[in-house]
Amino acid sequence: MDFLSLVNKRQSVRKYQDKEVPHHVIDKCLEAARLAPSASNSQPWKWIIVDQPDVLAPVAKACNDMKAINKFVAGAKAIAVIVLEKPKLITRIATTIKKREWLLIDVGIAAEHFCLQATELGLGTCMIGWYNEKKIQEVLEIPKNKSIALLIAMGYPPEDYENRVKIRKSLEEIKSNNKY
């Protein structure tokens with residue numbers, strides 16, 4: 001599949017088959033994320049893959065603490081939890097001076113690498129930004145001095161799951177040449 005076709009196919013999938021995702025498939029997604037660029041090559045992340053039902057259930061429940069948001073996560077067959085790690089000193093200094101959150105930019109790039117690889121392998125993913133961080137930290141025994149950047153729900157989409165038409169601004173609306 002060519003790159004633009006892959007990007008067009010990748011979407012937030014919120015329904016999954018009752019089919020386990022093999023570890024070697026998840027590892028390919030992690031390898032894509034591992035190869036993502038990061039500021040000063042800090043690689044400021046640790047990925048926790050949650051796929052055991054007794055651990056998956058409370059993590060999924062922590063994504064739905066408002067009883068209306070992210071209910072679909074309960075159907076995911078795995079969840080990738082991205083924990084922020086301390087970046088290199090040079091990156092921390094640059095973050096302060098330039099007032100840019102390089103850490104979150106880096107995680108976003110790695111997460112998209114993960115999701116694009118998952119799409120190419122026939123998986124559906126959905127990035128989750130709303131969750132009860134304290135509860136997930138407890139369940140996964142994440143140290144209190146660490147924070148969770150993002151979760152990615154994943155699984156095989158239903159056979160009849162349709163690729164939605166992406167509604168995006170036109171190229172003319174988002175670009176200019178040589179000046180604003």
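Any value given below was found using the heavy atoms of this structure, including those in side chains, with hydrogens, waters and symmetry copies removed. Everything numeric in this text was worked out from a predicted model, so none of it was measured.
With rounding to the nearest 0.5 angstrom, the NZ atom of Lys77 is 10.0 Å from the CD atom of Gln17. How far OG of Ser38 is from CH2 of Trp45: 4.5 Å, rounded to the nearest 0.5 Å. Rounding to the nearest 0.5 Å gives a distance of 13.0 Å between CD of Glu85 and CG of Asp106. The structure places OG1 of Thr125 at 10.0 Å from CZ of Arg14, a figure rounded to the nearest 0.5 Å.
A side-chain donor-acceptor contact under 3.5 Å links Tyr131 to the backbone of Ile148. Judged by distance alone, with hydrogens and angles left aside, the side-chain atoms of Asn64 form no donor-acceptor pair with the main-chain N or O of Val73 at under 3.5 Å. Judged by distance alone, with hydrogens and angles left aside, the side-chain atoms of Glu20 form no donor-acceptor pair with the main-chain N or O of Asp51 at under 3.5 Å. Side chain of Glu120 to main chain of Leu6: no donor-acceptor pair is present (N/O by atom type, distance under 3.5 Å, no hydrogens or angles). In this structure a side-chain-to-backbone donor-acceptor pair under 3.5 Å is present from Lys166 to Arg10.
Counting only heavy atoms from C-beta outward, the side chains of Val139 and Val55 approach each other to under 4.5 Å.
Between Pro44 and Val107 the shortest heavy-atom distance is O-CG2, 4.4 Å. The two residues Tyr156 and Gly122 come nearest to each other via the heavy atoms CD2-O, 3.6 Å.
No more than 12 heavy-atom neighbours from other residues, nucleotides or ligands sit within 6.0 angstrom of CG on Asn178. More than 12 heavy atoms of other residues, nucleotides or ligands lie within 6.0 Å of NZ in Lys146, so this atom counts as buried by the packing criterion. The neighbour count for Glu141 CD, taken as heavy atoms of other residues, nucleotides or ligands under 6.0 Å away, does not exceed 12. Within 6.0 Å of atom CG in Asp18, 12 or fewer heavy atoms from other residues, nucleotides or ligands are found, so the atom counts as exposed in its surroundings.
The side-chain contact (heavy atoms from CB on, under 4.5 Å) test with Ile79 is passed by exactly one of Ile49, Val59, Ile48: Val59.
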Side chain to side chain contact (heavy atoms under 4.5 Å, CB included) for Thr119 and Met1? Distances and angles first, verdict last.
CA-CA 11 Å; Thr119 300; Met1 171 178 326; 5.7 Å; no

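Using a 30° and 60° split on the angle between ring planes, Phe114 and Trp47 fall in the parallel class, below 30°.
Between Lys28 and Glu31 no salt bridge is recorded (no basic side-chain N to carboxylate O distance below 4.0 Å).
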